[in-house]
A.B. asks: 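Here you go, one structure.
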Amino acid sequence: MLIIDNEFYGDVYLNVKLEDRLINIDTSASGTGKTFLFSLLSAYMRVNNLECGYFNYQSRTIDIINSIKINNYDYIILDNADLYMSDDLVDLLQSSNMVVIMSLKFPFNFKLKGLVTYNVCYNSNILKCERFC
Amino acid sequence: MALTVYLTREEVPSYLKIIDINDEFFDAFTRLTNTEFEKNLLNEVDKAKYVSSSTFYGRTKQMGALNVRCLSTGTKTLLNIEKWGKSNKYCFNVIECGDNALEFICDLHSGSILFEHPYYIIMREDESCDIECRGIHFRDVCEFIEWAKEVI
């Protein structure tokens, strides 16, 4: 579990509560602050000595797979995942122990088990992420 | 003219380059021009306000003017379509657009998009659009979505 409780970080107050291993950030709306959250989270993790891989639209599937195999990630962040997600990558994510935080608009295209949806809310200078109720 | 919608990659004519990575395209080629479409899109999706062709004010005022690269992917995609639609060179994949950004396709009258998963939650009262798909012209977006779901 990762809890960040109202910490001022990157010009905003960060409130994050990650309680699950396979997390999909709700992608039904644009402009909610997903990418901003991901960039802050990856920086926060590195500063706090947590191994974190961060991948986005600039990444290729094969490079992500290879990176996961080589590195001992505690967390992996997959932004714009619809652009590069594959069955092989899903298998790897499913069989690993790392916490996976992704933005995947069409998860039903893949056999992902145990995926939990989280909400991101960004207002004024508060950025919040928690399990979708 | 109308916004041309392709429901599969195979339908997209070879003279149109499919743009899947809208962030990359936007960051390289698209800038703000302060049109009415742009103002509404920026305000509704990103809670943003135009400052210059390369900057905007976001929702955290302390950050000052932000580079347009910080806009959401959905906003960037719609701006790509608006700015480059008339060039007739590109077909923009809208797969990464949230519902709130997608509704702005109703305001477009040119350009081409790849819309492989034709659904979205209708948020507007005004459901008019100007969409052509497989030779059929649609003026009501609900009709288009219902038809597209059947044929895909």
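Throughout, a chain's letter reflects where its sequence line sits, starting with A, and its residues are numbered from 1. Just so it is clear, the values below take in all heavy atoms, side chains as well, and ignore hydrogens, waters and symmetry mates. Note that this is a predicted model, so its numbers are computed, not measured.
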A.B. asks: Heavy-atom count check: over 12 atoms from other residues, nucleotides or ligands less than 6.0 Å from A/Arg131 CZ?
C.D. replies: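 Yes, CZ of A/Arg131 has more than 12 neighbouring heavy atoms, counting only those of other groups under 6.0 Å.
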
A.B. asks: How about A/Asn48: does its CG atom have over 12 heavy atoms from other parts shown lying under 6.0 Å from it?
C.D. replies: yes

A.B. asks: Just so I know, are the side chains of A/Gln58 and B/Glu24 near enough to count as touching, which here means a heavy-atom distance under 4.5 Å?
C.D. replies: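 Yes, at least one pair of side-chain atoms sits under 4.5 Å.
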
A.B. asks: Name the option with the most non-hydrogen atom pairs under 4.5 Å to chain A; the candidates are B/Arg59, B/Lys61, B/Glu44.
C.D. replies: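 Most heavy-atom pairs within the cutoff with chain A belong to B/Arg59.
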
A.B. asks: Most heavy-atom pairs under 4.5 angstrom with chain B, which of A/Leu83, A/Thr35, A/Asp82?
C.D. replies: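 Among A/Leu83, A/Thr35, A/Asp82, the one with the most close pairs to chain B is A/Leu83.
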
A.B. asks: Is there a path of hydrophobic side-chain contacts, each under 4.5 Å between heavy atoms, that joins A/Val12 and A/Tyr9?
C.D. replies: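 Both belong to a single hydrophobic cluster.
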
A.B. asks: If you count the non-hydrogen atoms of other residues, nucleotides and ligands that lie under 6.0 Å from CZ in B/Phe25, is the total more than 12?
C.D. replies: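 Check passes, neighbour count above 12.
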
A.B. asks: Quick one: sort the A/Phe108 and B/His117 rings into parallel, tilted or perpendicular, breaks at 30° and 60°.
C.D. replies: perpendicular

A.B. asks: Please check if the side chain of A/Lys105 supplies one atom and the backbone of B/Ile95 the other of a donor-acceptor pair under 3.5 Å.
C.D. replies: no

A.B. asks: Side chain, backbone, both or neither: which part of B/Gln62 has an atom under 4.5 Å from a heavy atom of chain A?
C.D. replies: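 Looking at B/Gln62, just its side chain touches chain A.
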
A.B. asks: Could you grab the distance from atom CG of A/Asn80 to atom CD1 of B/Ile21, nearest 0.5 Å is fine?
C.D. replies: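 Rounded to the nearest 0.5 Å, the CG-CD1 separation comes out at 8.5 Å.
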
A.B. asks: Do B/Tyr6 and B/Phe92 belong together in a cluster built from hydrophobic side chains that touch within less than 4.5 Å?
C.D. replies: no

A.B. asks: Are there over 12 heavy-atom neighbours, none belonging to B/Asn67, within less than 6.0 Å of that residue's CG?
C.D. replies: yes

A.B. asks: Indicate if B/Leu3 and B/Ile136 have the same hydrophobic cluster label, given that clusters are the connected sets of ILVMFWY residues with side-chain heavy-atom separations under 4.5 angstrom.
C.D. replies: yes

A.B. asks: Side chain to side chain contact (heavy atoms under 4.5 Å, CB included) for B/Glu96 and A/Thr27? Distances and angles first, verdict last.
C.D. replies: CA-CA 8 Å; B/Glu96 289 198 276; A/Thr27 55; over 6 Å; no

A.B. asks: In the single-linkage hydrophobic clustering (I, L, V, M, F, W, Y; side-chain heavy atoms under 4.5 Å), do A/Phe110 and A/Met98 co-cluster?
C.D. replies: yes

A.B. asks: Looking only at heavy atoms, what is the nearest atom pair of B/Gly74 and A/Ser30, with distance?
C.D. replies: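 So the two residues come closest at CA-OG, 3.4 Å.
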
A.B. asks: By a 4.5 Å heavy-atom criterion (distance strictly below it), what part of A/Tyr122 contacts chain B: side chain, backbone, both, or neither?
C.D. replies: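 For A/Tyr122, heavy atoms of backbone and side chain both lie under 4.5 Å from chain B.
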
A.B. asks: Indicate yes or no for a side-chain donor-acceptor contact from B/Thr60 to the backbone of A/Ser124 under 3.5 Å, with no hydrogens or angles considered.
C.D. replies: yes

A.B. asks: Testing B/Asp20, B/Asn22, B/Thr73, B/Asp23 for side chain to side chain contact (heavy atoms under 4.5 Å, CB included) with A/Tyr57, which one passes?
C.D. replies: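 Checked B/Asp20, B/Asn22, B/Thr73, B/Asp23 against A/Tyr57; only one passes side chain to side chain contact (heavy atoms under 4.5 Å, CB included): B/Asp23.
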
A.B. asks: Taking all non-hydrogen atoms of both residues into account, name the closest pair between B/Ser72 and A/Gly31 and its distance.
C.D. replies: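 For B/Ser72 and A/Gly31, the tightest heavy-atom pair comes out as CB-N, 3.5 Å.
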
A.B. asks: Would you find more than 12 non-hydrogen atoms of other residues, nucleotides or ligands less than 6.0 Å from B/Lys83 atom NZ?
C.D. replies: yes

A.B. asks: Under a 4.5 Å heavy-atom cut-off, does chain B meet the side chain of A/Asn109, its backbone, both or neither?
C.D. replies: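 Contact with chain B: side chain only.
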
